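See below for the structure under consideration.
Computed from a predicted structure; not experimentally measured.
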Amino acid sequence: MAYAAMISLLQITKKILNSDQFSDIFYPKSQIQYLHDKAFSLKVFLEERSEFSSESRNHDLEGQIRDAIHKAEDIIESNISEYFISTEEESYNNISIFVQDLQRVTQQIDSLAEKSLQKLDRRESSSRPSVLSRRVLPQESLIVGRDHDLYQLKDRVLGSNSRLEVVPIVGGPGIGKTTLAECIYRDPLIVSHFKARAWVTVSLEYSRREVLIDLLRSMRKLFDETHQRTDQQLAKYLYNYLKSRRYLVVLEDVCDVKAFNDLKELFPDYNNGSRIMLTTRDMDVARFACTIGCRPHNMRYLSECDTWELLCRIVFNDEWCPRELVEIGRRITEVCLGVPLAVVTIAWLLSTKRITDWEKIYHSINHYPRNDELIDSVVSLSYDHLPPYLKACLLYMGIFPQKYEIPVSKLVKLWIAEGFLELIGFETLEEMAEECLWQLVDKNLVSVCQQSSSGGIKSCKILYAFRDFFMRKVQVEKFFHVINKSTNGFLENTYGHRRLFIHKSIRFGIKDVSEYNIVASVSTARSFIYSGPDHEYPLTAWLDFKLLRVLDAHKIRFYKFPLEILKLVQLRYLAFSYNGKIPASICKLQNLQFLIVLQYLSIKICGAPLYLPMEIWNMKELRHLQVMGSDLPNPDGMDNTDLFLENLLTLLDVGAQSCTPGVLKRISNLKKLGIQVELLSVEKSYSFLSHLLVLQRLESLKCIIMQLDLGSQVVSSAPAFPPSLRKLTLSGCGFPWEIMSIIAALPNLEVLKLRSYAFKGPEWEMKEDEFTGLKFLLLEDMDIKHWVGDYTNFPQMTHLIIRHCYKLREIPCGFGEIAKLEMIEVVQCSPTVVISAEEIEEKQRSMGNYGIEVQVHSSLDDEDFDL
């Protein structure tokens, strides 16, 4: 990870040279400048050498660069930390040692820079032809040579057999089992045929409870109280829900007979034509699971002709292959052994490379007789040819457990805090991080699990077939170490690792840290992340890692503010659970970019609001601030006129007190704001919402009123929303429907979510030319009876979700003519609403939209939770 380390060091040296934050610390500026320049030349070398494979296969020099850069980082940041936590006399004594250490490592980097320059000089100079263009293809277009498989499987899934039938799909790694199952699962005929569908990954180390929860989540039947139920209650609820409807369940990656035998009792057989599709590599599992009298569907390798068609489809966008590439292209497809995953991964790589690189790529994979070895070779080649800025981002995703769907919002924050990203060509690092993620998806290395309501990526994961390779790579690179079970030999496995993650109980993880002296072996660790079960008693073993940048302990409860954390002056990301007041000394963490303080108890406090200390305005690096139950103080009247947080992009879980003109004008670059008001009286009204116009860059706003005094509620001041808004969520506001015209006029609004009487009144009559760009609409717990509108009101609508609107009589029938409608979800509404949704579905199908999906859930589905 030499390149990621280089970007991080350059950020540090640039900050030292240009920031007033370090003006009181002794630094030989000329030496820091020299180090910065040499590091920059090494960065250029690493970028250049990623362009030619003959150099990129020689990792010795890169390893030396990585270690030297890490050493320079450690020397500089240790000096900063010592300055802030040591006495003046101790700091003075450390200066000479620091200067000597810095001089030695600078000489080492200087020598490496000379070596890298020589290698670049020896490289053959050649004009670089334009890179072959490509486009992102839908999943269905990657199905080549599988027409017969699709026909057979759809025939079995839609067949006339009324008994529950298990349809196993069996084949080796990378052969396309999951892709084929996904195509069937999402097929419009399948969607309309089955009233309930669910998809769950089982894998080797599965948990029955996790499978139950994942199944309910997949069917949108997961509620807050679900997690409080026992396994038996969850199983009974799932069984009773499925027994009354025809269902399709996909069990992905079932590894052994015992797993299927343990799960099969969850699925009822009520002679209604339900189906279970199962993917596995093990023929014994497939035979055991298969319905008596049927056979598993055995996946075959692609023919030479199909392999060539698939490659050309991706590389040349369905156009003809240039004559000069036909011979080498066919040789490449031959060594792919008919394994679709290998073909697709190589094709994405070829589509971004120069024509002269094709021969080199062919020789890189032309000696692997087995498909598992081939896939390792292909992913290794694809990884080696990634742009250097993507490599650390990709490997970092391995910190999360195998089945875990990675929340993109958290992943982006961690990438930034780790210092992986250099801001080039984007307004913010957050935007650049999202683009990096899309690139990894486009290169078929990361899969999208869930999309957000605005069309972005909400969660993702590394492709399962690639995970083993990535985990081996992180060990070689000493990139991170994961503790998920007790073991000996930690010193050997952890020495020099920069990041430490605990997936199991924190108590056992800390026991391992102390017993096996992990602290000494990873004393320069930059990250400590705990993702195990919630822990009630605070433990402070991570405080021995003095150079931490990331401390994610949000699942650990603190009953007193952990003052020891204030010694970790390098922290950029801090998350923990704490119900008390944040002290003024938090401002010692001047490098902090992400501060997340959650509450382990939801306590409603009446009386004076709780404020963050005024010193929070001195934390200029803050990008994300979320301290539940605490507001930003108003600095108006303070002598200091420099109280602005210009880098702050996200502010969550604040009250109306944070929405005064004096506060908002100081966070004018805010893009995401979350407001939660415990009790809103008539006297307070909604004046705080009229101040939001100052936030001209605000894109996402959530306003939740927990308790509304509706005695004589009159909206004395109408809300004013900035025109930049793309996503708006309102809950409990009690607005009259007349105010909807203000929201409808927002030119950039794409997502609107209305919950818990956000608007009150029996009728919503829409007007012409409203919501011209809205794509996603949610109505939940509203008292609306009549809804008047037609297709002209929502010309761009793709998703309509209506939940718990018991009084609503119907969805406007004109919505059946909305050209882009993809999905309607109705949860616990009147039968007439369900009928209107089904009529819209019929209208859409008559217009040729066979992909529309209508999901209906009744309150009767949940009666078995009242146990």
Side-chain angles (χ1 to χ4, degrees), residues 1-17 27-80 97-125 380 383-393 395-396 418-422 424 473-480 495-499 522-526 547 549:
M1 290 295 97
Y3 188 83
M6 192 70 65
I7 295 299
S8 177
L9 177 63
L10 287 171
Q11 291 174 354
I12 295 169
T13 54
K14 183 179 179 180
K15 191 171 183 179
I16 290 173
L17 292 169
Y27 274 113
K29 287 285 183 83
S30 60
Q31 195 170 346
I32 294 291
Q33 183 67 61
Y34 185 80
L35 174 62
H36 180 86
D37 294 342
K38 289 299 177 180
F40 187 83
S41 68
L42 282 173
K43 170 180 172 285
V44 173
F45 163 71
L46 292 172
E47 290 171 339
E48 288 290 324
R49 85 184 198 87
S50 69
E51 298 294 332
F52 48 98
S53 59
S54 60
E55 289 291 347
S56 54
R57 295 188 66 84
N58 181 0
H59 297 291
D60 292 343
L61 180 57
E62 183 174 349
Q64 294 174 30
I65 293 172
R66 178 199 65 213
D67 293 343
I69 295 300
H70 281 164
K71 189 174 181 180
E73 267 192 323
D74 295 342
I75 291 169
I76 294 173
E77 292 192 321
S78 293
N79 184 57
I80 295 173
I97 299 174
F98 164 68
V99 172
Q100 293 173 14
D101 290 343
L102 185 61
Q103 186 173 2
R104 278 194 294 269
V105 75
T106 302
Q107 290 173 350
Q108 184 180 357
I109 290 175
D110 192 8
S111 174
L112 291 170
E114 289 296 324
K115 289 182 182 180
S116 65
L117 182 61
Q118 293 171 9
K119 285 184 174 290
L120 285 177
D121 289 340
R122 289 199 302 268
R123 183 163 66 97
E124 297 179 6
S125 60
S380 176
Y383 173 82
D384 285 342
H385 283 264
L386 279 177
Y389 60 85
L390 288 181
K391 291 182 178 179
C393 295
L395 292 189
Y396 196 82
E418 294 283 4
F420 294 157
L421 303 176
E422 181 184 23
I424 299 176
K473 190 72 174 176
V474 299
Q475 292 301 314
V476 172
E477 296 281 356
K478 298 181 180 179
F479 192 55
F480 64 74
Y495 183 78
H497 284 255
R498 307 293 281 187
R499 297 161 189 88
V522 286
S523 59
T524 57
R526 294 309 200 271
L547 303 180
R549 294 176 183 172

Rounded to the nearest 0.5 Å, what's the gap from [atom1] on [X] to [atom2] on [Y]? Could you check?
X      : Y      : atom1 : atom2 : result
Thr106 : Leu35  : OG1   : CG    : 4.5 Å
Ser8   : Gln11  : OG    : CD    : 6.0 Å
Ile65  : Leu42  : CD1   : CG    : 5.0 Å
Phe45  : Leu61  : CZ    : CG    : 4.5 Å
Arg104 : Ile109 : CZ    : CD1   : 13.5 Å
Gln31  : Lys29  : CD    : NZ    : 13.5 Å

Where [X] and [Y] come nearest, the two heavy atoms and their spacing:
X      : Y      : value
Phe98  : Ile76  : CE1-CA, 4.1 Å
Cys393 : Leu421 : SG-CD2, 3.8 Å
Glu77  : Ile12  : OE2-CD1, 3.2 Å

Side-chain donor or acceptor of [X] paired with backbone N/O of [Y] under 3.5 Å:
X      : Y     : answer
Thr13  : Leu9  : yes
Ser78  : Ile75 : no
Lys391 : Ala2  : no

- Glu422 and Tyr389: CA distance, side-chain angles, deciding distance, side-chain hydrogen bond (donor to acceptor under 3.5 Å, both in side chains) verdict: CA-CA 8 Å; Glu422 181 184 23; Tyr389 60 85; over 6 Å; no
- With sequence neighbours excluded, tell me which residues meet side chain to side chain contact (heavy atoms under 4.5 Å, CB included) with Ala5.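 Testing Ala5 for side chain to side chain contact (heavy atoms under 4.5 Å, CB included), a comparison that skips the adjacent residues, returns Ile69, His70.
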- Item | Pair Tyr3, Glu47: side-chain N/O donor-acceptor within cut-off below 3.5 Å |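 Yes, side-chain donor-acceptor contact under 3.5 Å.
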- Item | Residues Glu418, Arg499; criterion side chain to side chain contact (heavy atoms under 4.5 Å, CB included); working and verdict | CA-CA 10 Å; Glu418 294 283 4; Arg499 297 161 189 88; 3.1 Å; yes
- Could you give me the CA-CA distance, side-chain angles and deciding distance for Phe479 and Arg498, then say whether side chain to side chain contact (heavy atoms under 4.5 Å, CB included) is met? CA-CA 6 Å; Phe479 192 55; Arg498 307 293 281 187; over 6 Å; no
- Is the shortest heavy-atom distance from the side chain of Leu386 to the side chain of Tyr383 under 4.5 Å?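 Leu386 vs Tyr383: side chains touch.
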- Got Gln108 and Gln64 here, is their nearest side-chain heavy-atom distance under 4.5 Å?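 No. Closest side-chain heavy atoms not under 4.5 Å.
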- Message: Could you go through Leu102 and Asn79, starting from their C-alpha distance and side-chain angles, then the distance that decides it, and tell me whether this counts as side chain to side chain contact (heavy atoms under 4.5 Å, CB included)?
- Response: CA-CA 10 Å; Leu102 185 61; Asn79 184 57; over 6 Å; no
- Item | Arg549 bridged to Glu73 by N-O distance under 4.0 Å |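 So Arg549 pairs with Glu73 through a salt bridge.
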- Query: Is Asp74 salt-bridged to Arg526, going by a charged N under 4.0 Å from an acidic O?
  - Reply: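 Yes.
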- Message: side chain to side chain contact (heavy atoms under 4.5 Å, CB included), that's the test. Do His36 and Leu10 meet it? Break it down for me.
- Response: CA-CA 6 Å; His36 180 86; Leu10 287 171; 3.6 Å; yes
